[in-house]
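Notes follow once the structure below has been shown.
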Amino acid sequence: MHPLFHPLFVDYCSYFNGNEDYFECHEVLEEYWKEIAPGEKQHPLVGYVQLATGLYHWRRGNFVGAERILQKAMAIFEKSDPQPFYEYINKEYLLEHMHISLQRIHGAQHFLAFKLPITDVPLQHLVSQKITSLPSLSTQFIMNKHMLRDRSDILAARDSKKRNRH
């Protein structure tokens with residue numbers, strides 16, 4: 001199976017192009033990345049995770065966070081080494097829209113979504129099918145989704161890390 005046909009990547013594309021639930025994009029693709037390349041910070045899946053995270057920050061008005069994380073994603077995508085994770089994605093179109101997004105963010109302009117440019121018909125068909133089953137979500141819910149999950153373990157680890165530095 002081609003890696004872009006993995007159910008978690010199909011889910012990522014569906015959330016991205018469907019209901020624009022970038023938080024969920026991050027969740028499903030981080031799971032996939034941890035399955036196949038844990039710890040590889042420059043892996044293409046990390047770029048896709050960062051793309052969704054950057055758009056999530058931008059939508060919420062966090063321009064500094066959005067710019068920082070989208071620049072990291074672009075650095076991963078701009079690498080020229082051939083990767084199966086770009087085969088069915090129009091990488092030039094994606095980079096162009098990321099660049100436009102960064103310009104808009106730098107100018108503190110309002111959020112503007114774009115679609116992940118899928119070039120493979122069978123993959124696009126799978127994504128389109130999945131989109132039809134996605135729930136319709138309010139903008140408020142999508143913007144604040146990170147507040148709905150239990151993050152106590154993440155916050156405890158962060159606090160522990162800070163204490164160990166001092």
Side-chain angles (χ1 to χ4, degrees), residues 1-124 126-128 130-131 134 142-143 145-146 149 151 154 157-158 161:
M1 172 177 67
H2 191 282
L4 295 187
F5 281 84
H6 188 285
L8 291 172
F9 193 81
V10 172
D11 285 350
Y12 173 88
C13 294
S14 302
Y15 291 123
F16 197 102
N17 288 354
N19 59 8
E20 298 169 1
D21 187 344
Y22 302 118
F23 184 84
E24 208 56 44
C25 287
H26 169 276
E27 293 294 295
V28 298
L29 215 58
E30 187 175 65
E31 184 179 331
Y32 185 25
W33 168 66
K34 286 178 180 178
E35 279 181 20
I36 64 167
E40 287 184 41
K41 303 277 189 205
Q42 297 300 305
H43 193 277
L45 291 177
V46 173
Y48 287 113
V49 169
Q50 291 172 335
L51 168 61
T53 303
L55 294 179
Y56 186 78
H57 284 307
W58 182 20
R59 178 184 272 154
R60 298 189 75 251
N62 177 358
F63 296 107
V64 173
E67 184 174 16
R68 185 176 42 86
I69 201 78
L70 282 177
Q71 285 174 338
K72 288 180 179 182
M74 279 191 76
I76 290 172
F77 290 141
E78 286 175 337
K79 291 181 178 176
S80 60
D81 55 329
Q83 282 280 345
F85 293 95
Y86 304 131
E87 281 182 22
Y88 301 143
I89 303 296
N90 182 332
K91 196 163 104 170
E92 290 76 26
Y93 175 95
L94 178 60
L95 287 168
E96 177 184 333
H97 281 273
M98 289 174 72
H99 181 71
I100 291 167
S101 295
L102 281 166
Q103 287 178 324
R104 293 180 61 82
I105 291 165
H106 189 70
Q109 295 179 25
H110 68 276
F111 172 75
L112 184 63
F114 63 88
K115 301 294 184 199
L116 198 61
I118 300 168
T119 60
D120 181 73
V121 173
L123 179 58
Q124 180 58 52
L126 284 173
V127 169
S128 295
K130 176 73 179 185
I131 286 172
L134 295 179
I142 287 178
M143 284 179 60
K145 200 166 183 182
H146 70 285
R149 71 175 182 166
R151 295 176 37 98
I154 295 168
R158 192 177 294 160
K161 196 173 187 178

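We use all heavy atoms of the structure for the numbers below, so side chains are in, but hydrogens, waters and symmetry mates are not. Only a predicted model underlies this, so the values are computations on that prediction, with no experimental measurement involved.
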Practice item. Can you see which heavy atom on Ala66 is nearest to which on Gly54, and at what distance? Key: CB-O, 3.4 Å
Review point. What residue pairs, at least two apart or across chains, pass side-chain hydrogen bond (donor to acceptor under 3.5 Å, both in side chains) with a residue in residues 34-44?
Key: His6-Glu35, Gln42-Lys79
**Study point:** Donor-acceptor contact present, side-chain Arg59 to main-chain Tyr22, <3.5 Å
**Key:** no
**Study point:** Min side-chain heavy-atom separation Pro3-Tyr32 under 4.5 Å
**Key:** yes
Point to revise | Value rounded to 0.5 Å, distance of CZ in Phe114 from CE in Met98 | key: 6.5 Å
Point to revise | Leu95 versus Glu78, closest heavy-atom pair with distance | key: CD2-CG, 3.8 Å
**Study point:** Non-neighbouring partners of Ile131 that pass side-chain contact (heavy atoms from CB on, under 4.5 Å), sequence neighbours left out
**Key:** Ser14, Asn17, Val127, Leu134
Review point. Above 12 or not: heavy atoms from other molecules or residues under 6.0 Å from NE2 of His99?
Key: no
Practice item. Drop me the distance from Leu51's CG to Ile76's CD1, to the nearest 0.5 angstrom. Key: 10.5 Å
Check your understanding: Do Leu4 and Ile89 come within less than 4.5 Å of each other through their side chains, counting heavy atoms only?
Key -> yes
**Study point:** Atom of Leu45, atom of Leu29 and distance for their closest heavy-atom approach
**Key:** O-CD2, 3.8 Å
**Study point:** Inter-residue atom distance Met1.CE - Phe9.CZ, 0.5 Å rounding
**Key:** 12.0 Å
Review point. Who pairs with Asn62 by side chain to side chain donor-acceptor pair (under 3.5 Å), at least two apart in sequence or on another chain?
Key: His57
Check your understanding: Quick one: CD on Glu31 to CD1 on Ile36, what's the gap to the nearest 0.5 Å?
Key -> 12.0 Å
Exercise for review: Apply side chain to side chain donor-acceptor pair (under 3.5 Å) to Gln71 and list each qualifying residue two or more places apart in sequence or on a separate chain.
Suggested key: none
Practice item. Could you check Phe77, Trp33, Phe16 and say which one makes a ring-ring contact (aromatic ring centres under 6.0 Å, His included) with Tyr48? Key: Phe77
**Study point:** Closest approach of Ala73 to Gly47 (non-hydrogen atoms, all atoms of both residues)
**Key:** CB-O, 3.5 Å
Point to revise | Set of residues satisfying salt bridge (Lys or Arg N to Asp or Glu O under 4.0 Å) with respect to Lys130, sequence neighbours excluded | key: Asp11
Study note, to complete from the structure: One should read off an interatomic distance between Ile118 CD1 and Leu123 CG, to the nearest 0.5 angstrom, of 5.0 Å
Check your understanding: Mind checking what makes salt bridge (Lys or Arg N to Asp or Glu O under 4.0 Å) contact with Glu67, not counting sequence neighbours?
Key -> none
Review point. Does the Tyr88 side chain pair with the main chain of Phe5, one donor and one acceptor, at a distance under 3.5 Å?
Key: no
Point to revise | Trp58 side chain vs Gln109 backbone, donor-acceptor pair below 3.5 Å | key: yes
Review point. Counting N and O atoms only, with roles assigned by atom type, does the side chain of Arg104 sit under 3.5 Å from a partner on the main chain of His110, one being a donor and the other an acceptor?
Key: yes
**Study point:** Closest non-hydrogen atom pair, Glu87 against Thr119
**Key:** O-OG1, 3.9 Å
**Study point:** Closest non-hydrogen atom pair between Gly18 and Lys115, with its separation
**Key:** O-NZ, 4.3 Å
**Study point:** Spacing of Tyr86 atom OH and Lys91 atom NZ [to the nearest 0.5 Å]
**Key:** 5.0 Å
